[in-house]
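Single-structure report; data block below.
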Amino acid sequence: MAAYTTIDDPEAYFQAKTWSGDGTAIGSGGQVITLDGDTNMQPDMVYIKRRNGTSAGQIHDAVRGATKFLPMDGSTDAEETNAETLTTFSSDGFTVGDHNGVNNSASTYIAWCWKESATSGFDIVTYTGNTTSGQTYSHSLSAVPHVMWVRCRNNADNMMVYHHEVAASSPETYWSQLNTTAASSTSGGTGIWNDTAPTSSVFTLGNSGTVNENYNYVAYLWSEKQGFSKFGSYTGNGDNDGVFVYTGFSPAWVLIKKSGASGTSWVMFDNKRNTYNERSRIIQTNDTGAEETSTNRIDFCSNGFKLRGTWTVINADSARYMYMAFADAPFVNSNGVPVTAI
């Protein structure tokens, strides 16, 4: 019988971390952030957001270089470089300077951290566009990507999203924008993914400036791994007793977007800012706002997540939602033994 999961230790590939800023500049050593997991993990991608004040989120990765970040704030701002942001990836965390977005002395922060690995289904690809429709770029997943985030680095543009369950069919004709509240759309879609689904070796782009003009780009690609990650969809019921979404693991992090509706945010939940149910603290990828706290949002279960309340951003009746989720612990380990939820 096939193993339920090949990843018994999700902390080797994904961890979240909270901290309080101390305002220490890099010249004075900065603040060293050590991940909490029992397993050491040197992250390759870190998404940082200030929790208690207005500030753009920042996406850093080891491929572009630590001090380079993509602002996540609802704008189309290009990549920025700042020596007082995240400056070093270490064997079990990273170091930050005194930039307001990562280490203000009066602020609290959250970071979501991924390890690049074909085992966990995550790859970072940088490339130079060429305006050629049908252009393919190689990746190292050795599996079909189910989610892709693509952002232009040196020109102002949106972060484009491919999600394999954005719609009931032909997801390669749709695009979404992680930095806006826009609905997923097929308008001009040929220019984005060239109406071509990614394969186990390449992804294909059109000639849109958002993904493939004469600029530099970065692409983050994920392939679903049983018991560790799930990139799916669900239909809301508009009820206080919301739908249950099966993932096959107890989540550590969940991102949700209402696929077909404009004006609705991408919202993130995790098990560090809320350590017990209900998970009521949300951060949005598409604005600079501080963390919001409200009741009746979401429960993390041993094998998925359960929606609570009638908030239309995540649970409107008959509406389609797409999500990304990563594990805190698999529901059943590779030996077929159920794992107790934390």
Side-chain angles (χ1 to χ4, degrees), residues 11-75 77-116 122 124 126 149 151 153 159 178-179 218 220 252-253 255 268-275 281-292 326:
E11 288 181 346
Y13 302 103
F14 175 85
Q15 294 191 41
K17 171 69 178 179
T18 59
W19 71 94
S20 296
D22 65 10
T24 303
I26 291 300
S28 299
Q31 182 174 187
V32 177
I33 307 300
T34 302
L35 300 180
D36 297 328
D38 294 332
T39 299
N40 288 359
M41 186 192 86
Q42 181 168 328
D44 293 304
M45 173 184 169
V46 177
Y47 184 164
I48 300 174
K49 183 68 176 73
R50 185 181 178 189
R51 299 174 57 191
N52 65 337
T54 299
S55 184
Q58 300 182 7
I59 296 180
H60 299 256
D61 67 65
V63 175
R64 291 179 297 123
T67 59
K68 301 180 186 297
F69 68 91
L70 300 169
M72 293 299 297
D73 57 1
S75 75
D77 292 346
E79 176 182 278
E80 299 180 24
T81 302
N82 190 300
E84 291 293 340
T85 56
L86 187 156
T87 62
T88 306
F89 296 100
S90 64
S91 62
D92 192 27
F94 50 91
T95 299
V96 292
D98 64 359
H99 188 283
N100 182 61
V102 298
N103 193 27
N104 182 286
S105 61
S107 296
T108 55
Y109 297 88
I110 177 74
W112 304 286
C113 309
W114 287 265
K115 180 69 178 175
E116 185 180 23
F122 177 49
I124 303 170
T126 55
W149 297 357
R151 184 76 173 262
R153 298 175 56 189
M159 180 170 278
L178 191 65
N179 61 310
V218 61
Y220 305 109
W253 180 88
L255 168 69
M268 293 181 285
F269 304 85
D270 61 69
N271 64 353
K272 292 294 185 180
R273 292 175 298 130
N274 278 126
T275 58
R281 295 175 179 174
I282 61 169
I283 286 177
Q284 303 170 62
T285 67
N286 45 261
D287 69 24
T288 61
E291 173 184 285
E292 300 177 17
F326 291 91

Is there side-chain contact between Met268 and Ile110, with heavy atoms separated by less than 4.5 Å? no
For side chain to side chain donor-acceptor pair (under 3.5 Å), just list the numbers for Glu292 and Gln284, CA-CA rounded to whole Å, side-chain angles, deciding distance to a tenth of an Å, and then say yes or no. CA-CA 9 Å; Glu292 300 177 17; Gln284 303 170 62; 3.0 Å; yes
Whether the side chain of Ser107 engages the backbone of Gly21 through a donor-acceptor N/O pair (distance < 3.5 Å, no angle test) should be reported. no
Which pairs count as salt bridge (Lys or Arg N to Asp or Glu O under 4.0 Å) when at least one residue sits in residues 44-59, sequence neighbours excluded? Asp44-Lys115, Arg51-Glu291
Can you tell me if Gln15 uses its side chain to pair, donor with acceptor, with the backbone of Gly37 under 3.5 Å? yes
With side chains defined as the heavy atoms from C-beta onward, is the minimum distance between Thr88 and Val32 less than 4.5 Å? no
Are side-chain heavy atoms of Arg151 and Ile59 found at a separation under 4.5 Å? no
Test side-chain contact (heavy atoms from CB on, under 4.5 Å) applied to Asp98 - qualifying residues, sequence neighbours left out: Ala25, Glu84
Test item: side-chain donor near acceptor, Asn179 and Asp73, under 3.5 Å: no
Keeping Glu79 on the side-chain end and Lys68 on the backbone end, is there a donor-acceptor pair under 3.5 Å? no
With a 4.5 Å limit on heavy-atom distance, are the side chains of Thr126 and Arg153 in contact? yes
Would you confirm whether Asp92, through its side chain, and Met41, through its main-chain N or O, come within 3.5 Å as a donor-acceptor pair? yes
Quick one, Met45 and Trp149 - any side-chain contact, counting heavy atoms below 4.5 Å? yes
Do Ile48 and Trp19 have side chains that get closer than 4.5 Å, going by heavy atoms? yes
Heavy atoms only: give me the nearest Asn104-Tyr109 pair and the separation to one decimal. N-OH, 2.7 Å
Can you confirm whether Asp22 sits close enough to Ser105 that some side-chain heavy atom of one is under 4.5 Å from a side-chain heavy atom of the other? no
Any sub-3.5 Å donor-acceptor pair from Asn40's side-chain atoms to Ser91's backbone N or O? no
Please answer whether the main-chain N or O of Ala16 pairs with a side-chain N or O of Asn271 as donor and acceptor at a distance below 3.5 Å. no
Please verify the inter-ring angle class for Phe326 with Trp114; under 30° counts as parallel, over 60° as perpendicular, anything in between as tilted. perpendicular
Describe, in one word, how the ring planes of His99 and Phe69 are oriented to each other, choosing from parallel (under 30°), tilted (30 to 60°) and perpendicular (over 60°). perpendicular
Is the side chain of Lys17 donor-acceptor paired with the backbone N or O of Asp36 at a distance under 3.5 Å, no angle test? no
Short side-chain to backbone donor-acceptor contact, His60 and Val46, under 3.5 Å: no
A side-chain contact here means heavy atoms from C-beta on lying under 4.5 Å apart; do Leu70 and Met159 qualify? yes
